[in-house]
Amino acid sequence: MPKYAKHIALLAAFALLCGCTGNTGSTQTSTAEAVQTAQESAEAPQSSETLPPAGETTAEVSPQPGQPEQTEQPGQPAQTGNSSGVSLISGGDSKYSDIFELNGTWCDVSELPFNVETYDVPLLGKWGGDNFLGCFDKKMYFTEGSQIHGDWWSENRLWRFDPLTGTEELLYDYGSDDSSLSALFANDTYAVYERFAFEFGEDGSVKDSTEWLTVVNYQTGTTVFDVPEMSGNIRYLPTRGVQVVYDRMYISAEYTLPDFNQTLKTALTVELATGEVGLYDLGLTDVYYGVGNVCFLTEDFSIRTLYDSLPRTIPSCDNIGDNALIFYNMLNTYYPTTVLTRNYDVLGEQSELGWRNRGSTEDHLIGKSAFSVFITSDGVMNRDEIFCARMWKYLPTQTLVQEPDYYQQDTQCYLLIGWYDDDAESARAALLDLGQGEFPDIIANNDCIYLLDYAENNVTMLYSSAG
């Protein structure tokens, strides 16, 4: 059989066998359409990634209605509100040529044309372990767990925290039964769980267990999708990524075709209003939030997006000439960001940080690092063109690390935050000196960037007041 004909046969077989519904635990076979492009739902009003917490504002905060706006007095240092030793490198319009040459104007954090606010997050680490689930619409989502049947742990309660008001809200309590829940995703309507259903013997020991994929609409308190992770020829792989846009879920899976003795990597769609399952495409291994709201990792480690006017697949890295590489980032960002790195035999490495309009292959330059200052390739930019990027350089000193004993090269870490002005084709930015500390976790969605500090249990949010 010709190769293309075999591929068509595989798709046809998948189309006949894939379709099923999973409402409230039932699984039914249908002849649903084989390939659902689903691009009409590529643009959600908000993204579905990580979250922030509550507490008091310690950095620049927009004034509340009826309150006068507070301004810094001349000569006073700007405060970032981060209590973990982040300090602002001041200097007005001067260029920090030994670190980064900005295509634009340097300023203090308080002079940035967007909100930079830091809040305490009491729920962060409140119950121990990693209970932070993600962010959506400037709110943070957390899970609370409890022990069941001895050593088993179940994340059966879902909380939401609003940093802007300091409000904690219990959204959903699954209750207790003979199952253990692991929360994977939450937005303003749905929570997605991996559920382990147990069968117990007379002596109380686990006799058998089954893994299930469970989706709850917590606004109505109903389970809208509930199927075994191995359902017919489909094996759902929720731990490889789940994203929900409106009422459509995208999820990683494997599909087995016994007639061809072959297992295919796939991404599936699930219509949460009906439980109908469809094939999005083959050769996709992981699902993430990113450009176009949903991105997929391909089997050759390229990135695929739902956004139709972008090139459908972009490699994570490309050679563009002798000793030059360009790194593309489409994950955890609204606009694609780029880092163009050149290596020189004597001077070392130098990189250019840029970004692209969606649907364009032209880079907008944010700035260029000094020699041997390294820019990480995971910079983010939200829909208001607020950006954040990490960079670092080696110091001439080393630190002894215990267990195992070895010397680690010391590094100086910096965080670049700013806004890009399309009309002027330039940036306005501040450079934060993090010292030899650790970078905060950076979480982005369509309209907000979150800098998460687990050590201090706080979050710094970057967002436009117009968003």
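Hydrogens, waters and symmetry mates play no part in the numbers below; they use all other heavy atoms, side chains included.
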Fill in the blank from the handout: Contacts of Tyr394 meeting ring-ring contact (aromatic ring centres under 6.0 Å, His included) (sequence neighbours excluded), chain-then-number -> Phe374, Trp392
Practice task
Please determine, by modelled atom types, if Thr341 and Ser351 share a side-chain donor-acceptor pair under 3.5 angstrom.
Solution key: yes
Practice task
Using salt bridge (Lys or Arg N to Asp or Glu O under 4.0 Å) as the criterion, list what pairs up with Glu229, not counting sequence neighbours.
Solution key: none
Exercise for the section: Check step by step if side chain to side chain donor-acceptor pair (under 3.5 Å) holds for Tyr334 and Asp447. Expected result: CA-CA 8 Å; Tyr334 183 85; Asp447 63 355; over 6 Å; no
Practice task
Could you tell me which non-hydrogen atom of Tyr450 sits nearest to which non-hydrogen atom of Lys139, and how far apart they are?
Solution key: OH-N, 4.2 Å
Problem - Side-chain donor-acceptor pair present, Glu425, Tyr420, cut-off under 3.5 Å - result: yes
Practice task
Would you please say whether a donor-acceptor pair under 3.5 Å links the side chains of His364 and Asn103?
Solution key: no
Exercise for the section: Quick one: pull up CH2 in Trp212 and OG1 in Thr223 and give me the separation to the nearest 0.5 Å. Expected result: 11.0 Å
Practice task
Kindly give the heavy-atom pair with the smallest separation between Thr143 and Ala183, and that separation in Å.
Solution key: CG2-CB, 3.3 Å
Handout entry: Residue pair Trp159 / Glu168, side-chain donor-acceptor N/O under 3.5 Å
Key = no
Problem - Qualifying residues under salt bridge (Lys or Arg N to Asp or Glu O under 4.0 Å), relative to Arg235, sequence neighbours excluded - result: none
Problem - Residue pair Val216 / Thr222, side-chain heavy-atom distance below 4.5 Å - result: no
Problem - salt bridge (Lys or Arg N to Asp or Glu O under 4.0 Å) partners of Glu362, counting only residues at least two apart - result: none
Fill in the blank from the handout: Sequence neighbours excluded, the answer for side chain to side chain donor-acceptor pair (under 3.5 Å) partners of Asp441 is none
Exercise for the section: Verify, without hydrogens or angle tests, whether Asn382 (side chain) and Ile386 (backbone) share a donor-acceptor contact under 3.5 angstrom. Expected result: yes
Practice task
Say whether, by atom type as modelled, one donor and one acceptor occur between the side chain of Thr266 and the main chain of Leu268 under 3.5 angstrom.
Solution key: no
Exercise for the section: Using modelled atom types only, decide if a donor and an acceptor are shared between the side chain of Asn233 and the backbone of Tyr255 within a distance under 3.5 Å. Expected result: no
Completion exercise
Residues Phe387 and Ala429: closest non-hydrogen pair is CZ-CB, 4.1 Å
Completion exercise
side-chain contact (heavy atoms from CB on, under 4.5 Å) filter on Asp188, not counting sequence neighbours, yields Phe136, Tyr141, Tyr218
Practice task
List the steps, then state whether salt bridge (Lys or Arg N to Asp or Glu O under 4.0 Å) holds for Lys126 with Glu144.
Solution key: CA-CA 9 Å; Lys126 179 177 181 179; Glu144 179 186 0; over 6 Å; no
Handout entry: Pair Thr214-Arg195, side-chain donor/acceptor within less than 3.5 Å
Key = yes
Practice task
Look at the side chain of Asp453 and the backbone N and O of Ala455, then say whether any donor-acceptor pair between them is shorter than 3.5 Å.
Solution key: yes
Problem - Asp173 (side chain) donor-acceptor with Gly175 (main chain) under 3.5 angstrom - result: yes
Practice task
Please name all residues satisfying side-chain contact (heavy atoms from CB on, under 4.5 Å) with Ala389, sequence neighbours left out, ordered by chain then number.
Solution key: Leu353
Fill in the blank from the handout: Tightest non-hydrogen contact, residues Ser154 and Ser179, listed as OG-O, 4.1 Å
Practice task
For Tyr289 and Asn446, indicate whether the former's side chain and the latter's backbone hold a donor-acceptor pair under 3.5 Å.
Solution key: yes
Practice task
Check Ala191 against Leu158 and note the closest heavy-atom contact, atom names and distance.
Solution key: CB-CD2, 3.8 Å
Problem - Any donor-acceptor N or O pair under 3.5 Å, side chains Asp300, Thr298 - result: yes
Handout entry: Minimum-distance pair of heavy atoms, taken over all atoms of Tyr190 and Asp247
Key = OH-OD1, 2.7 Å
Problem - Test item: Glu349 side-chain N/O and Val373 main-chain N/O as donor-acceptor pair under 3.5 Å - result: no
Problem - Close side-chain approach of Pro440 and Leu452, heavy atoms under 4.5 Å - result: no
Exercise for the section: Would you please indicate if the ring centroids of Trp355 and Tyr335 are separated by under 6.0 Å? Expected result: yes
Completion exercise
Contacts of Tyr193 meeting ring-ring contact (aromatic ring centres under 6.0 Å, His included) (sequence neighbours excluded), chain-then-number -> none
Problem - Close side-chain approach of Val287 to Val242, heavy-atom, < 4.5 Å - result: no
Problem - Listed partners of Thr376 passing side chain to side chain donor-acceptor pair (under 3.5 Å), at least two apart - result: Asp378
Handout entry: Plane angle bin for Phe132 and Phe142 - parallel if under 30°, tilted between 30 and 60°, otherwise perpendicular
Key = tilted
Handout entry: Heavy-atom side-chain proximity of Leu213 to Glu194 below 4.5 angstrom
Key = no
Problem - Exam field: side chain Asn332 to backbone Val380, donor-acceptor pair closer than 3.5 Å - result: no
Handout entry: Leu297: partners by side-chain contact (heavy atoms from CB on, under 4.5 Å), with sequence neighbours left out
Key = Thr285, Asp286, Tyr288, Phe301, Ile303
Handout entry: Which residues share a side-chain contact (heavy atoms from CB on, under 4.5 Å) with Asp363, sequence neighbours left out
Key = Ile326, Thr338, Arg356
Handout entry: Flag, side chain of Thr305 to backbone of Val291, donor-acceptor distance under 3.5 Å
Key = yes
Practice task
May I ask you to check whether Tyr174 and Glu155 show a side-chain donor-acceptor distance below 3.5 Å?
Solution key: no
Practice task
Return yes if some donor-acceptor pair links the side-chain N/O of Thr333 with the main-chain N/O of Met381 below 3.5 Å, else return no.
Solution key: yes
Practice task
Would you kindly say whether Asn329 and Ser377 are connected by a side-chain donor-acceptor distance under 3.5 Å?
Solution key: no
Problem - Criterion ring-ring contact (aromatic ring centres under 6.0 Å, His included) on Tyr280 and Phe296, from CA distance to verdict - result: CA-CA 11 Å; Tyr280 177 74; Phe296 308 92; 4.9 Å; yes
Exercise for the section: Under the salt bridge (Lys or Arg N to Asp or Glu O under 4.0 Å) rule, collect the residues that match up with Lys265, sequence neighbours excluded. Expected result: Glu254
